Amino acid sequence: MSSALARRGSKTAATACKHHPNRNYFSHSFYRRDVLSPHQNIRDMSLLWLLTAAACSSSSPTRLFACRTALSMTTTAIQQRRTFRAKSEQLASASRSMAMMDDTSSLLTDSTCTTTTTTTTTTREKSLSNKKFHPRRIGKGCDLDELFQYLIESSHQLGRERVFKSLRTALYNASGYRVESAWRIYQQMIHHKVTDLMGANNYGHLLNILKYGTDPTTTISRMLNVLDDLRIQQESQHQKISLMHYSQVLFAMGRMGDSKGACALIQEIKTQGHVPLPSQFTSLAIATRNDKFYDATQEAAELMMEAMNKDQVVLENDACVTMVSLLSRQRSQGQRQQQMTVENNGIDRTVKFLEAVEYVRNKEDVDDTPTTTTTKSQYNVHVYTSLISGLAQKGDATNAKRLYDKMRQQGLKPTIATRTALIEAYGRAGDFDAALKLLNRKHHNSMVTSVLTNAIRHNKWDVAEMLAAPWMKKLESAKIDDKLRAALMWVKVKSDLDDARTFFDTLYQKDASYVNTVMVNHLVTGSGNQRSNEKVKEAYGLHPLTGKSPSLFSQHLLVDALFKCRDVPAALTAFMSMRRQGIPDDITLAMVIRGLIMNDEDTIAWNVFRALKKDGVQPNLWAYTSMLKAYAKSHSTTGINKQLVDVWPELHRAVTGRHATVESIMEKEKNKEKVEEEAPVLMPIIKNPSQAYLLFRELTGFQTPNEYTYTTLIACFSKHSLARATDVFSHMCASGVKPTVQTYTAMLQACSIFRSARGALLIFRHMRDQQVAPNSATWHYLLKALVRARVDKSRIDQIGNMAREAMGSNDNDKNNKSKRKKPL
DNA sequence: GTAGGGTTAG
């Protein structure tokens, strides 16, 4: 109700707002029917314990990134804010000077009342107008064009005070809460240079209308313009920007998803010596959630934690729920330019956030009367659902289930969303018995989607088939939503690509809304796996049918598919086109490195890799490992495709993002020669294991190598030095990274090359002790090592028999597996 | 009505 009143601009609402104890009338909860008491907020120590345990069990060793420090992040934010403000100011002054240049008539939309009217206006008419546009008479039905015309003609007689009063009344009574009207009235105030007469409340009212604008760019920039004007007034001590003004802008930023702007504004509030309001943090949380272009989760969380820990700010429940949801699903590593933090894990960060929430809640209890005797959980079902879902994404079904049980103990009833989150946890962990058991009662779209996609991920074709079959018949029914339909398409793509492709057409013909982007992506990926670049390109061409242009993610899949088809020029062309539209993430960059190396374009890969680092982009672990793979290759590939040499300068620009953004274009214009000097040179890759080792040392400065990285490094050494390969192997075991069958095989390969029977048998025993099952390659290199080391023939035969025996049963396994793998 | 389920890398 309050929001409706406020929107109508009713005086009652305004007064009610003014007298609200916290003057917190932009609070999101204020607009809600069920305003939660602060005590209903998060407060439950035992849950925190549980989560901390989950974080400890799942957290991997620290992955550090040499990036900006917290301090420089803040500075950058301020600088960005300044640039943005400067741009807004330019915009404002441009619009102002335009208004000045144009005279009276051009400011009016109604061209009928122009100069002719001015000359023929009689004294009587004037006095009529005087009456009509008297501040007291300006009401709802007032014609703004007429009013503006009148004011321009009579401003000299009326005096600026009177002009201002008329416009002010118009703002309150005639704008009708229409954004455009309010903005035009404000522009008139600027034109008549009367904004200095505006009171803080007038500014507040204006902002209150503007915040409901529909266009993100105009809405925010207009509001920032108003704020800038207010700031100028503040400097001449006319006005003071209050928290409510900031709240209005933050509210709009929340709606529009301008997370960078919201962070910067919160910082500004702090610099002004205020403590931001809880509702302002809620706006920040909403802005972070709604921002599709920038992930400010970490920055926002830190601002909130600081406020809680230092200023005892009690966050609103909405902000908590939103932040918990965002934090718990943060990717644990590999984000480019990520801030250096110890808590790189989503759950760690969530725990840290909740600790701050607990801290301030407990503090509040002590300050208040300590009457809270209830042990009942103060978390609501949404917080639990977010947390369960966060654990689910990490495949931590054990803790997800514990949390779910705990929630039930607290007497909270799980909803469909909660059960879906738990099903997702089981599915990710590969526990399909548990997932199906939960699904048993009612097959809801979201639950089926979850189990289905996880079954595909885990190659559980029996589960996928069983689940998909009944839905396949009604694929065209409206009862199936987008996500489920896409999951069913995925099943089809995996079982029969051509059939899936035909089916896409059938669906589209039935109803264009039945097809979506994800389906096209599945078709592109499926075609890539079939190594058919014609099919890839054809499938990619389906994107327009979904009514959406391909996102960066869709383009990522295209590039990957083209690399799989060994069409390097096409893949690189697609990648460069992708770069022109946005900044590829670390996964895309690693995929490009990998694609090049898989296609034996080692030199180009090496140069892309160098260019990234030189540009300050930290390649992630996957990129490093792919690069290492070039050194581990048995065949030498140093030649470069001529076509790629020609494409290199452009590729270099695409990788580093030189003059692709507005800023860099400006930079280039400013400093033309400097950019042109930088003709990128293709450096040859020097393939010796010491170089590989240097690369490995370098990556350990940023990330923790995993079993794949170690194995690749061992493979680099296996042809050169058994001692060094063994060193890496020992280092791997000492670091707690478990060798895989591939690791042991690489070691055995080294033993065979260096004719070490003793080494081979030691490695083989180690493998047995670790209960790792050998594969045919393992047996092959073990035997080869023994043969080359001239071990006693009877001994070799003995092991050869063991190998045949083991492989015989393995073959059976394989056959069974492939039988099982045959889908639908 | 908030929270949940769809497509990325050996």
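Residue numbers start from 1 in every chain, and the chains themselves are labelled A, B, ... in the order their sequence lines are given, proteins ahead of strands. Since this is a predicted model, take the numbers as computed values, not measurements.
- Here A:Thr588 lies out of heavy-atom contact (under 4.0 Å) with every strand.
- The side chain of A:Arg329 contributes an N or O atom lying less than 4.0 Å from OP1 or OP2 of B:dG4.
- Contact check on A:Lys401 versus A:Asp431 returns no salt bridge, with no Lys/Arg side-chain nitrogen under 4.0 Å from an Asp/Glu carboxylate oxygen.
- In this structure, A:His556 reaches the bases: a heavy-atom distance under 4.0 Å links it to at least one base atom across the strands shown.
- Contact between the side-chain N/O atoms of A:Arg485 and the OP1/OP2 oxygens of B:dG5 is not found at any separation under 4.0 Å.
- Whole-Å rounding puts the A:Leu326 CG to B:dA3 P distance at 9 Å.
- Put simply, CE on A:Met519 is 19 Å from C1' on B:dT8, counting in whole angstrom units.
- Atom pair A:Gln555:CD and B:dA9:P shows a separation of 18 Å (rounding to whole Å applied).
- In terms of heavy-atom proximity, A:Ala400 sits nearest to A:Ala425 at CB-CB, 3.6 Å.
- Across B:dT2, B:dG4, B:dA9, the shortest atom-to-atom separation from the side chain of A:Ser446 is found for B:dG4.
- Rounded to a whole Å, the CG atom of A:Asp481 is 15 Å from the P atom of B:dG4.
- Here A:Ser325 reaches the OP1 or OP2 of B:dG4: one of its side-chain N or O atoms lies under 4.0 Å away.
- In this entry the distance linking NE2 of A:His522 with C1' of B:dG6 reads 6 Å, nearest Å.
- Judged by the 6.0 Å distance and 45° axis criteria, A:Lys492 is positioned over the aromatic ring of A:Phe503.
- For A:Ser450 and B:dG5, a side-chain-to-base donor-acceptor distance below 3.5 Å is absent, hydrogens and geometry of angles not being considered.
- Of all heavy-atom pairs between A:Ala574 and A:Leu562, the closest is CB-CD1, 4.2 Å.
- OP1 or OP2 of B:dT2 has not a single side-chain nitrogen or oxygen of A:Arg289 nearer than 4.0 Å.
- In this structure, of B:dA3, B:dG6, B:dA9, it is B:dA3 that holds the atom nearest to the side chain of A:Val321.
- For A:Thr740 and A:Thr743, the side-chain atoms include at least one donor-acceptor pair closer than 3.5 Å.
- For a distance-only test at 3.5 Å, the side chain of A:Asn516 qualifies as a donor-acceptor partner of the base of B:dG6.
- The side chain of A:Lys483 sits closest to B:dG5 out of B:dG5, B:dT8, B:dA3.
- Between A:Trp471 atom CH2 and B:dG5 atom P there is a gap of 18 Å when expressed in whole angstrom units.
- Defined by atom type and a distance below 3.5 Å, a donor-acceptor pair is missing between the side-chain atoms of A:Thr449 and A:Ser446.
- Non-hydrogen atoms lying under 4.0 Å from DNA chain B are contributed by A:Thr415, A:Ile416, A:Ala417, A:Thr420, A:Glu424, all within residues 414-424 of chain A.
- When the P atom of B:dG6 is taken as reference, atom CZ of A:Phe553 falls 12 Å away, rounded to whole Å.
- Residue A:Ala486 places its side chain closer to B:dG6 than to any other of B:dG4, B:dG6, B:dA3.
- Taking every side-chain heavy atom of A:Leu557 into account, B:dT8 is the closest of B:dG4, B:dG6, B:dT8.
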Quiz item: After noting the C-alpha distance and the side-chain angles of A:Trp622 and A:Met591, does the key distance pass the side chain to side chain contact (heavy atoms under 4.5 Å, CB included) rule?
Solution: CA-CA 8 Å; A:Trp622 296 75; A:Met591 178 270 289; over 6 Å; no
Quiz prompt | A:Gln742 vs A:Thr711, side-chain hydrogen bond (donor to acceptor under 3.5 Å, both in side chains): CA-CA, chis, key distance, verdict | solution = CA-CA 7 Å; A:Gln742 286 83 5; A:Thr711 306; over 6 Å; no
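- Looking at heavy-atom distances under 4.0 Å, A:Asn706 makes contact with a base.
- One can place CG of A:Leu562 at 16 Å from C1' of B:dA9, the figure rounded to the nearest angstrom.
- Counting any heavy atom pair closer than 4.0 Å across all strands shown, A:Gln393 reaches sugar-phosphate atoms only and no base atom.
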